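Given the structure is predicted, the values throughout are model-derived calculations rather than measurements. Below, chain A is the first sequence line, B the second, and so on; all start at residue 1.
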Number of protein chains: 2
Amino acid sequence: MQKTRFSDAPCPVARALDRVGEWWSILILRDAFQGLSRFDEFQQSLGMSPTLLARRLKDLVAHGILYKERYQTRPARYHYLLTERGNDFLPVLAALSQWGNNHLTDGDVCALLVDGRNDRPIQVQLVNRDTQQPVPPQFITLAPGPAASDGIHQRAELMRQRRLADLPEFTKEPS
Amino acid sequence: MQKTRFSDAPCPVARALDRVGEWWSILILRDAFQGLSRFDEFQQSLGMSPTLLARRLKDLVAHGILYKERYQTRPARYHYLLTERGNDFLPVLAALSQWGNNHLTDGDVCALLVDGRNDRPIQVQLVNRDTQQPVPPQFITLAPGPAASDGIHQRAELMRQRRLADLPEFTKEPS
DNA sequence: CAGTATCCTGTCCGATACTG
DNA sequence: CAGTATCGGACAGGATACTG
């Protein structure tokens, strides 16, 4: 809305960051997935100023990630709910949460992904779209698509060769 | 390093954002996964000022996501490679990329996830960790872990009930 | 309850210039 | 090539007060 730094970038990652790149936006979405919907619920949970919260909510609504709905007429009460686009954001949150839990906590895990039907833990995984078979991360490349520039194509090809040829290089740790 | 806004937050998402919350950090990682490693490669690809790039690289190294290595002695040449922690970040990038491609492009897909062994497209999926079976997103809840507060537990339980009881609510689109 | 209106500050970031 | 030094602007974000 007010900022358009990467909104016209061809890269989907950059475009995504243009929509949800602000810290608070992602934390708001996290809370939305945990069931929060009202203005004051977000404010209390996140401890942010109403001004900024209003700004972030407005942006998320403008980008079609949340939508605002009046759920009560007298007095008027609103809540913010996830659109389909917003719901589709869950895997990002899941991946972020999984990474955070694996690498950034000291054993005090505080948020887990579970299947609400049976409380089984969930894991993010990368799978072959056709076969549904899991693919080890070291084989995956962020390949450029049709809209990418030539330079990117060359880089990507080089990277793929490297990863396939010399896998140990990519699992090596700093000395 | 210089900022510690959420570094002590119990939520893994918040902690993750504390490490890679800056726009450029994620874009640097994206490029790292595409094979870039040298300072000037990043700079040229991202078009950012050397000052800022140095700062971001330093942060990523400090957080153990990249590591700096001299690959040539005379003259000294360095490159930045992904640590294991950095490599584990791929699912996040994948999820972000998938979301961006599905929702934020006008058909001009520019980056795809593929299995480098056979060029098959990759998809991010949420699966049951034990059975490896895919779980539909609407059943997934971001449940609080042991370290979460009571309030969060209550919210989460409420959310789970809502999602399980009234699924249509969560797939509804704005009028 | 659900925000808006202001004011202020930190810092993210850009641009340019310079060094081993 | 691989950065550091410095300056300045824009804006995210904080704090407080106020309204329907």
Minimum-distance nucleotide to Pro50(B) side chain [options: dA17(C), dC1(D), dA2(C)]: dA17(C)

dG20(C) pairs with, by Watson-Crick or G-U criteria that keep both distances under 3.5 Å: dC1(D)

Under 4.0 angstrom between Lys68(A) side-chain N/O and dG3(C) OP1 or OP2: yes

Length of the line joining Phe42(A):CZ and dC1(C):P, which is rounded to integer Å: 15 Å

Salt bridge present between Arg15(A) and Asp18(A) (N-O < 4.0 angstrom): no

Exam field: side chain Thr83(A) to backbone Ile65(A), donor-acceptor pair closer than 3.5 Å: yes

Nucleotide dT11(C), atom P - distance to CG of Leu52(A) in whole Å: 16 Å

Opposite nucleotide pairing with dT6(D), Watson-Crick or G-U, both atom distances under 3.5 Å: dA15(C)

Ser49(B) side-chain proximity, nearest of dG14(C), dG14(D), dC13(C): dG14(C)

Nearest-Å distance for atom pair CZ/P, residues Phe39(B) and dG3(D): 6 Å

Which atom of Leu90(B) lies closest to which atom of Pro137(A), heavy atoms considered: CD2-O, 3.6 Å

Contact under 4.0 Å: Trp24(A) side-chain N or O vs dG14(D) OP1/OP2: yes

Any donor-acceptor N/O pair, Gln43(B) side chain to Phe39(B) backbone, under 3.5 Å: no

Any Tyr80(B) side-chain N or O less than 4.0 Å from OP1/OP2 of dG3(D): yes

Sugar-phosphate only, base, or nothing, as touched by Tyr78(A) at under 4.0 Å among non-hydrogen atoms: sugar-phosphate

Whole-Å gap separating C1' (dC12(C)) and CZ (Arg55(B)): 7 Å

Nearest-angstrom distance from the residue atom CD of Gln43(A) to P of dG13(D): 15 Å

Below 4.0 Å: OP1/OP2 of dG3(D) and any side-chain N or O of Lys58(B): no

Interatomic spacing from CH2 in Trp24(A) to CG in Leu46(A) - rounded to 0.5 Å: 5.5 Å

Protein-nucleotide distance (Glu69(B), atom CD; dA2(D), atom C1'), rounded to Å: 16 Å

Any Tyr71(A) side-chain N or O less than 4.0 Å from OP1/OP2 of dA2(C): yes

Ala54(A) side-chain proximity, nearest of dT4(C), dG13(D), dC1(C): dT4(C)

Atom-to-atom span, CG of Leu17(A) to P of dC13(C) - whole angstrom: 11 Å

OP1 or OP2 of dA2(C) under 4.0 Å from side-chain N/O of Arg38(A): yes

Distance in angstrom units between Leu27(A) CG and dG13(D) P, rounded: 10 Å

Asp59(A) bridged to Arg56(A) by N-O distance under 4.0 Å: yes

Residue whose closest nucleotide on DNA chain D lies nearer the 5' end, Arg77(A) versus Thr51(A): Thr51(A)

